[in-house]
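In listed order, ligands and their atoms are each counted from 1. In what follows, residues are counted from 1 in the order of the sequence shown.
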Amino acid sequence: MGKRHPNPRLAKIHRNYTVEEVASLLSVHKNTVREWIRRGLPIIDDKRPMLILGRDLVAFLQAKRVKNKQPCKPGEMYCFRCKAPKTPAENMVDYEPQTETLGNLFGICPDCETGMNRRVSLPKLDQVRGKMDITFPQRLQRLVDSNQPTVNSDFR
Ligand SMILES: [Zn+2]
């Protein structure tokens, strides 16, 4: 239990797996597998019980690993469904603070309209901002505005 980064190589691409089989194969909880399905792990629709193609499982786990390495360039967020970094639709992003210095950026994938998020550190926000137009909660706006001159000088 509790392996954070299951090894994609454990799955065989020519096999099909039930949720239970995936759970025991990768030593994760069944609910974790169901969560993956909600987040875009494909299942074979017309079968009961639900079956997952080994090939899809491998691809999903590999994408998960890539995501953990945060390959996104400035201005990009990772789309789970497209399995690729994307520039959010209209470059519109919301910042949701979690602590004083940490938060999440939320945007929409321009290709599949899935919600995307990216974890960021507020002091390092300018390194990931790119062309994103970030909306901050009211109480943070003043703080951010005071940083604006620095931001602009970096990009113009
Ligand atoms: Zn997408």
Side-chain angles (χ1 to χ4, degrees), residues 2-23 25-99 101-137 140-141 144 151 154-155:
K3 281 188 198 162
R4 285 192 62 216
H5 309 306
N7 185 352
R9 285 187 209 123
L10 290 170
K12 305 235 183 333
I13 60 171
H14 296 300
R15 268 206 59 179
N16 298 333
Y17 297 93
T18 64
V19 168
E20 287 76 10
E21 285 168 343
V22 172
L25 180 73
L26 301 175
S27 314
V28 297
H29 197 274
K30 278 184 285 184
N31 287 345
T32 304
V33 181
R34 294 199 182 97
E35 177 65 23
W36 292 346
I37 292 168
R38 267 197 296 278
R39 291 199 202 164
L41 173 61
I43 54 170
I44 304 173
D45 290 332
D46 52 356
K47 295 275 200 307
R48 290 288 179 275
M50 283 192 289
L51 282 178
I52 296 150
L53 277 174
R55 188 187 301 124
D56 289 340
L57 181 60
V58 170
F60 182 82
L61 293 176
Q62 282 170 346
K64 228 167 115 56
R65 288 195 151 189
V66 172
K67 186 195 183 242
N68 286 328
K69 286 185 202 148
Q70 296 241 354
C72 299
K73 295 200 258 310
E76 289 181 341
M77 302 169 89
Y78 192 84
C79 175
F80 242 110
R81 185 165 288 181
C82 298
K83 300 189 175 77
K86 297 283 176 183
T87 304
E90 316 281 327
N91 278 318
M92 295 281 286
V93 171
D94 287 314
Y95 179 81
E96 177 85 25
Q98 292 191 318
T99 68
T101 54
L102 274 182
N104 276 308
L105 295 175
F106 291 95
I108 303 289
C109 175
D111 297 326
C112 69
E113 301 189 342
T114 298
M116 307 185 292
N117 66 72
R118 181 170 182 176
R119 198 170 166 77
V120 293
S121 144
L122 196 54
K124 292 182 183 163
L125 194 57
D126 288 340
Q127 293 172 19
V128 304
R129 185 194 298 260
K131 293 196 171 79
M132 292 190 290
D133 183 5
I134 304 173
T135 304
F136 294 88
L140 276 177
Q141 193 67 52
V144 172
V151 175
D154 282 348
F155 287 94

Going through the distances and angles, do I37 and I52 end up as a side chain to side chain contact (heavy atoms under 4.5 Å, CB included)?
CA-CA 9 Å; I37 292 168; I52 296 150; 4.1 Å; yes
To the nearest 0.5 angstrom, please state how far the CG atom of N91 sits from the CZ atom of R129.
11.5 Å
Excluding waters, which protein N, O or S atoms are within less than 2.8 Å of the Zn ion (ligand 1)?
C79 SG, C82 SG, C109 SG, C112 SG
Identified side-chain contact (heavy atoms from CB on, under 4.5 Å) counterpart of W36 within the set I43, V28, N31:
V28
Approximate separation, where rounding is to 0.5 Å, of R119 CZ and Q98 CD:
5.0 Å
Could you go step by step and tell me if C72 and R118 meet the side chain to side chain contact (heavy atoms under 4.5 Å, CB included) rule?
CA-CA 9 Å; C72 299; R118 181 170 182 176; 3.3 Å; yes
Say you draw a straight line from CG of L122 to OH of Y95; how long is it, rounded to the nearest 0.5 Å?
4.0 Å
